Amino acid sequence: MAKAKKKLLSEISQQKRIQQNKKSLNPFEVHINRDKQNVLGKKSKADRGLPGVSRAKAIKKRKETLLQEYKLKNKDNLFFDKRIGEKNVIMNEEDKALARFAAERMKAYKKKNIYNLNDEEILTHKGQTLEEIEKFDDPKSDDEYSDDENITGKLDNKFVGEAHFGGGVLSKSESGKSRKDLIEELIIESKKRKAEKQKIREQTIDLTEKLDSEWRDLLPIVSAANKDTDETIVKIKADDYDIAVRELKFEAKGIPSDKLKSEEEIVKEEKERLEALEADRVARMKGLVNHLHNNEIKHKSADDLDDAVNTHENEQLVISNKLNGNIKKQKKAENSNGNKLDENSTEEISELESSEEDNLSDLKETDSSSEEENEKQEIRDDLLKRKEIMESARKELPYTYKVPESFEELQEFLQNYSADYQSVIIDRIIKCNHWSLSNTNKEKLSNLFLFLLQHLNDNATEDNVENVIKCFQIIDRLSPSLYDLAHLNPINAKAVIQAIIKEKYEEFKKNKKKYPGLDTLIFFKLVSLIFPTSDFRHPITTPCLIFMSQILFRCRIKNKTDISKGLFICILILEINLDIDPNSVFMTVSDLINGPLDDDFKIRALLTAINLLREFKNHLEELEAVYSIFEPILKLLKVNSFDKYPLNVKKYIKQLRRDLKELKNKKLEYIMIEKKKPKPLRLYEPRIETVYDAKKHKSMSKDKAERGKLLHKYKKEMKGAIREIRRDRAFIAKLQIKEQIKSDKERKRKVKEIFGDAAMQQGELKKLKRKK
C-alpha cells in the first residue's frame with residue numbers, strides 16, 4: 001500500500017510541475033480579428049490569434065528546412081550515406097545486414113522475365129527455327145512410343161522383380177546367376193529393344209514420306225473435284241460477302257520484278273531511243289537498209305508526229321552479188337561522205353539505174369532466159385524501193401538536236417515548219433539535252449526559254465488572219481515545253497518574264513489611250529498558263545493583272561479590234577481571278593483583225609459580254625456588295641429593249657436580267673446613327689430598393705457548385721503559397737544581409753589588423769634608420 005501511495009504522489013507532483021511550466025498568455029501578444037458585420041449565432045473560426053507565436057514557429061521551421069538547404073547550396077563535396085539503416089540509431093549492425101539482404105531478395109523477385117533462360121540463343125531443328133516449323137507434332141519424336149510391350153524400351157514387371165528384388169530365395173537358387181550377369185543381360189536386352197524400336201520408327205517415317213509424296217500427286221485431282229463441288233455450292237449459297245472475298249483472293253497482285261523507274265532512267269532511255277531512231281533515219285537516207293523485199297522497215301513519216309515508235313537496229317545494206325561494181329563504188333562514196341547528204345547522191349543513183357538498165361538490155365540480147373529476167377527485175381525493184389526509202393527519210397524530222405546557242409540557230413531549226421512540228425522539235429531538244437544528263441544543260445535550256453519567248457514575240461503579228469492563227473497555234477503547242485523550262489529554273493523564268501512585262505508596260509505608257517498589240521496580249525495568256533493564278537499575291541501574276549486592269553480603264557474603244565482586245569483581256573482576268581476556262585465564248589481569231597463592224601460581230605461580242613457577266617456573277621454572288629457592283633449593268637439592260645436581236649440573244653439577256661434582280665436581297669443599306677429613346681420626365685415617386693442582409697447565392701447544379709468550391713479552394717491555396725514564397729524570400733534576404741554585414745565586419749577587422757601590423761613595421765623601420 002505504501003508503494004502505491006508513493007506512486008500517486010509522484011504523478012500529482014509531475015502534473016503540477018507541467019502546469020507551472022506553461023506560459024500564461026500575454027494579453028499584449030493576443031490579436032483580435034474584428035468582423036465587418038457581426039452575425040448573431042455565427043461562430044468565427046479565427047477571432048483571436050497569436051501573431052508573435054506563429055511568426056516564431058514559422059521562423060523556427062524555416063531555420064530547420066530552408067536555412068539548411070541554403071547552407072548546402074552550390075556545395076558538391078558532401079557525402080550522403082544512403083545505405084539501409086545507417087541513419088537509424090536503434091538498429092544494430094546485424095539488423096542492418098538482415099534488412100539489406102531482404103531488400104536484395106525483393107529485387108530478385110521483382111524480375112519480370114525470370115523464366116527466360118537464354119533469349120539470345122536460337123533453337124533449331126534440322127536447320128529450321130522453331131518459329132518456322134508450323135506443326136510441332138513430329139512423328140519422328142523420341143517421346144512417342146508404341147503401346148506394344150514387345151517393342152517398347154521399358155522393362156516388364158517380371159524382369160524388374162527378379163533383377164532388382166531377387167524374387168525370393170527359391171528364384172535365386174533356381175536361376176543360379178549372379179547380380180553382375182543379370183545386369184549385363186539387362187543392358188543387352190535394353191539395347192536390343194531400342195534397336196528394334198528404332199528400326200520400326202524408321203520404317204514408319206519412310207512409309208509416311210511415301211504417303212506424302214503420293215498425296216502431292218493426287219492433290220491436283222482432289223482439288224479439282226473439290227472445286228467442282230464448291231462451284232455447285234456457290235451457285236446455290238453465294239452471297240455478297242463470299243463474292244467480295246473471292247474477288248480479293250483472285251485479285252491481280254504486283255510482280256516484285258516490276259520496278260518503278262526513276263526520272264533519270266526514263267530520261268536516259270528516251271535519249272537512247274531518239275539516238276537509235278536518228279541512226280536508223282540516217283541509215284535510210286544513205287540507203288543502208290536490209291530486207292528490202294520481205295521485211296520492209298516501218299518508219300514514221302514527217303506527217304506523223306507520234307514519237308512512240310519501236311527502235312530497230314541499224315544494219316548496213318548487203319546487196320547480193322547480182323549487182324555490179326558500180327553499186328559498191330556508190331557505197332564507198334556514201335561512207336566517205338559521212339552524215340552529210342546532198343543532191344548528188346540521188347543523181348548517182350539515177351545514173352546507176354540507167355547504167356544498170358543498159359547492162360540489163362545487153363544481157364537481154366545475149367541471154368533471154370526467164371531466170372535472169374526475174375533477177376534483173378528484182379534488182380530494179382530493189383533500186384526503186386531504196387530510192388523511195390531515202391526520199392521518205394529525208395522528209396522526216398531529225399530525232400536528235402543540240403541546244404541552240406543563239407536565237408538565229410533556233411530559227412534555223414523552226415523555220416518553214418508549222419506549230420505541230422515546232423513543238424516536236426522543241427520536245428526532242430529537251431529530251432536529248434535533259435538537265436539530269438549533264439550539269440551544263442540547265443544553263444543551256446534556260447537560254448532556250450528566252451529564245452522561245454523571243455520566237456513567240458516575233459510571230460505575234462496582226463497582219464492577216466493566218467499569222468494570228470499561227471501565233472495562237474504556236475503558244476498552244478509550245479506552252480507545255482515552256483512550262484517545263486520555266487519550272488526548271490524558276491528564278492531565271494521570273495526575271496525574264498518580269499523584264500518582258502516591264503518592257504511592254506513602258507511601251508504602253510507612251511500612248512495609254514491605245515490598246516496594246518497582240519505581242520503584249522499573248523504574254524498575258526502565257527503568264528496564266530505557266531504561273532499559278534490562285535495565289536493571293538504573286539510576283540508575276542499580280543503585276544500582269546494590274547496591267548490588264550489599267551488597259552481596260554484607260555484605253556478608248558475606237559474600232560472592232562479594240563472591242564475584241566477588251567473582251568480578250570476580260571476573259572484572261574476571269575481565268576486568273578477565278579481559275580476557270582469559260583467555254584461559252586463565241587469570239588474568233590478574225591475578230592482581232594481590223595474590219596467593219598457588221599451585225600454578226602456585234603451579236604457575238606454582245607453574247608460574249610453577257611456570258612462573261614454571268615460567270616462573274618456566279619462567282620461573286622457570295623459578296624455583300626454584289627448588287628452594288630452589278631447595279632449599273634442592270635440599269636443598262638433595262639434601258640435597251642433588244643427587240644431587233646435574235647431570239648437566243650434575248651433569252652440570254654432576260655436570264656441575266658432576272659439573275660441580277662435576285663441580288664436585291666443583298667442590297668447594302670446606308671449607315672445611320674441609332675435612334676435614342678426620349679428621356680422620361682423625372683417623377684416624384686419613391687425609389688424602393690430591395691435590401692438583402694445575407695449573401696445572395698445563385699442556384700446552380702451540383703457539379704457546378706462542386707467546381708466552384710474547388711476553384712475557390714484553389715485560389716485560396718494559391719494565395720497562401722504566394723504568401724509563403726514571399727516570406728521565404730524575405731527570410732533569405734535577411735539572412736543574406738546578415739551574412740554581408742558579418743563579412744563586412746570581418747573584412748574591416750582584418751584591414752585594421754593589417755594597418756596595425758604595417759604601422760608597427762614602419763615604426764621599427766624608422767627606429768633602425770635612426771640607429772644607423
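In this text the structure is predicted, and so the values were computed from the model without any measurement.
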| task | Starting from the C-alpha separation in whole Å, work towards a yes-or-no answer on side chain to side chain contact (heavy atoms under 4.5 Å, CB included) for F568 and I573. | result | CA-CA 9 Å; F568 181 73; I573 292 174; over 6 Å; no

| remark: So the side chain to side chain donor-acceptor pair (under 3.5 Å) pairs with at least one residue in residues 535-550 (sequence neighbours excluded) are Y505-Q550, H538-T541

| said: Quick test of your reading of the model: are R284 and E391 salt-bridged, counting only N-O distances below 4.0 Å? | reply: no

| field | Minimum side-chain heavy-atom gap I522-F472 below 4.5 Å | value | yes

| Nearest 0.5 Å, what's the CG-CD1 distance between N559 and I563? | 7.5 Å

| task | Go through I430 and S481 one step at a time and tell me if the side chain to side chain contact (heavy atoms under 4.5 Å, CB included) criterion holds. | result | CA-CA 8 Å; I430 295 173; S481 300; 3.9 Å; yes

| task | Verify the neighbour count for atom CD of Q498: are there more than 12 heavy atoms of other residues, nucleotides or ligands below 6.0 Å? | result | yes

| request: Provide the closest heavy-atom pair for L274 versus C432 in the form atom of the first, atom of the second, distance. | output: CD1-SG, 3.7 Å

| remark: Output for pair (K271 NZ, E275 CD), nearest 0.5 Å, gives 5.0 Å

| Would you say F508 and C555 make side-chain contact, with heavy atoms under 4.5 Å? | yes

| request: Might you confirm whether atom OH of Y483 has over 12 heavy atoms from other residues, nucleotides or ligands at distances under 6.0 Å? | output: no

| message | With a 4.5 Å cut-off on side-chain heavy atoms, are L613 and Y652 touching? | response | no

| From CG (D562) to OG (S564), nearest 0.5 Å | 8.5 Å

| query | Who pairs with K470 by salt bridge (Lys or Arg N to Asp or Glu O under 4.0 Å), at least two apart in sequence or on another chain? | reply | none

| field | Closest non-hydrogen atom pair, L660 against L637 | value | CD1-CD1, 4.1 Å

| D427 with K431: basic N within carboxylate O range, under 4.0 Å | yes

| message | Looking at E506, I want to see if its CD is surrounded by more than 12 non-hydrogen atoms of other residues, nucleotides or ligands under 6.0 Å. | response | yes

| said: Any non-hydrogen side-chain atom of L414 less than 4.5 Å from a side-chain atom of Y421? | reply: no

| said: Quick test of your reading of the model: are R604 and D600 salt-bridged, counting only N-O distances below 4.0 Å? | reply: yes

| Is the count of non-hydrogen atoms from other residues, nucleotides or ligands lying under 6.0 Å from K650 atom NZ greater than 12? | yes

| request: Examine H455 together with F451 and report whether their ring centres are nearer than 6.0 Å. | output: no

| Side-chain touch S436/E264, heavy atoms, less than 4.5 angstrom | yes

| field | Partner of D659 under side-chain hydrogen bond (donor to acceptor under 3.5 Å, both in side chains), chosen from Q655, K661, R657 | value | Q655

| query | Is the backbone N or O of P398 less than 3.5 Å from a side-chain atom of E278, with the two atoms forming a donor-acceptor pair by type? | reply | no

| Can you tell me how far the CD1 atom of I593 sits from the OG atom of S590, to the nearest 0.5 Å? | 8.0 Å

| Validation row: L485, S446 side chains within 4.5 angstrom (heavy atoms) | no

| query | Backbone N or O of A276 within a donor-acceptor pair of the D280 side chain at under 3.5 Å? | reply | no

| said: Any heavy-atom pair between the side chains of K444 and N433 that's under 4.5 Å? | reply: no

| field | Sequence neighbours excluded, every pair satisfying side chain to side chain donor-acceptor pair (under 3.5 Å) that has a member inside residues 626-641 | value | S641-D643

| query | Are a donor atom and an acceptor atom from the side chains of N457 and K504 found within less than 3.5 Å of each other? | reply | yes

| task | Kindly write out the residues that satisfy ring-ring contact (aromatic ring centres under 6.0 Å, His included) with F524, not counting sequence neighbours, or none if the list is empty. | result | F547

| field | Closest heavy-atom pair and its distance - P480, D476 | value | CD-O, 3.8 Å

| query | Does a side-chain N-to-carboxylate-O contact under 4.0 Å join E575 and K525? | reply | yes

| message | To check you understand the geometry: which heavy-atom pair defines the closest contact between L478 and S423, and what is its length? | response | CD2-CA, 3.8 Å

| said: Donor-acceptor check, side chain of K494 to backbone of I540, threshold 3.5 angstrom: yes or no? | reply: no

| message | Is it the case that over 12 heavy atoms from other parts of the model lie below 6.0 angstrom from the NZ atom of K617? | response | yes

| query | With sequence neighbours excluded, what pairs up with F601 under the ring-ring contact (aromatic ring centres under 6.0 Å, His included) test? | reply | none

| message | As an exercise, state the distance from CG of L545 to CG of L572, rounded to the nearest 0.5 Å. | response | 10.0 Å

| Trace of the side chain to side chain contact (heavy atoms under 4.5 Å, CB included) decision for L410 with I426 | CA-CA 9 Å; L410 177 65; I426 299 301; 4.0 Å; yes

| message | Between E615 (side chain only) and L574 (backbone N and O only), is there a donor and an acceptor less than 3.5 Å apart? | response | no

| Can you check whether L663's main-chain N or O pairs, donor with acceptor, with E621's side chain at less than 3.5 Å? | no

| In this structure, which one of D519, L518, L592 forms a side-chain contact (heavy atoms from CB on, under 4.5 Å) with E462? | L518

| query | For D484 and W435, which heavy atoms make the closest approach, and how far apart are they? | reply | O-CH2, 4.5 Å

| message | Using only atom types and a distance under 3.5 Å, with no angle test, would you say the side chain of N467 pairs donor to acceptor with the backbone of T461? | response | no

| query | Can you list the steps and then say if L437 with H434 is a side chain to side chain contact (heavy atoms under 4.5 Å, CB included)? | reply | CA-CA 6 Å; L437 299 174; H434 200 267; 4.0 Å; yes

| Donor-acceptor contact below 3.5 Å, side chain E409 vs main chain E405 | yes

| request: Please step through salt bridge (Lys or Arg N to Asp or Glu O under 4.0 Å) for the pair K268 and E265, ending with a clear verdict. | output: CA-CA 5 Å; K268 188 175 181 181; E265 293 175 351; over 6 Å; no

| Least distance between heavy atoms, A486 atom then F449 atom | CB-CE1, 4.0 Å

| query | From I389 CD1 over to R386 CZ, what is the distance, rounded to the nearest 0.5 angstrom? | reply | 9.5 Å

| request: Answer yes or no: is there a donor N or O on one side and an acceptor on the other, between the side chain of T561 and the main chain of N594, under 3.5 Å? | output: yes

| message | Could you check whether K385 pairs with E388 (Lys NZ or Arg NE/NH1/NH2 to Asp/Glu carboxylate O, under 4.0 Å)? | response | no

| query | Is there a side-chain contact between L647 and K651, using heavy atoms and a 4.5 Å cut-off? | reply | no

| request: Please confirm whether the backbone N or O of T588 pairs with a side-chain atom of D591, one donor and one acceptor, at under 3.5 Å? | output: yes

| task | With sequence neighbours left out, write down each residue that passes side chain to side chain contact (heavy atoms under 4.5 Å, CB included) with K502, or none if nothing qualifies. | result | none

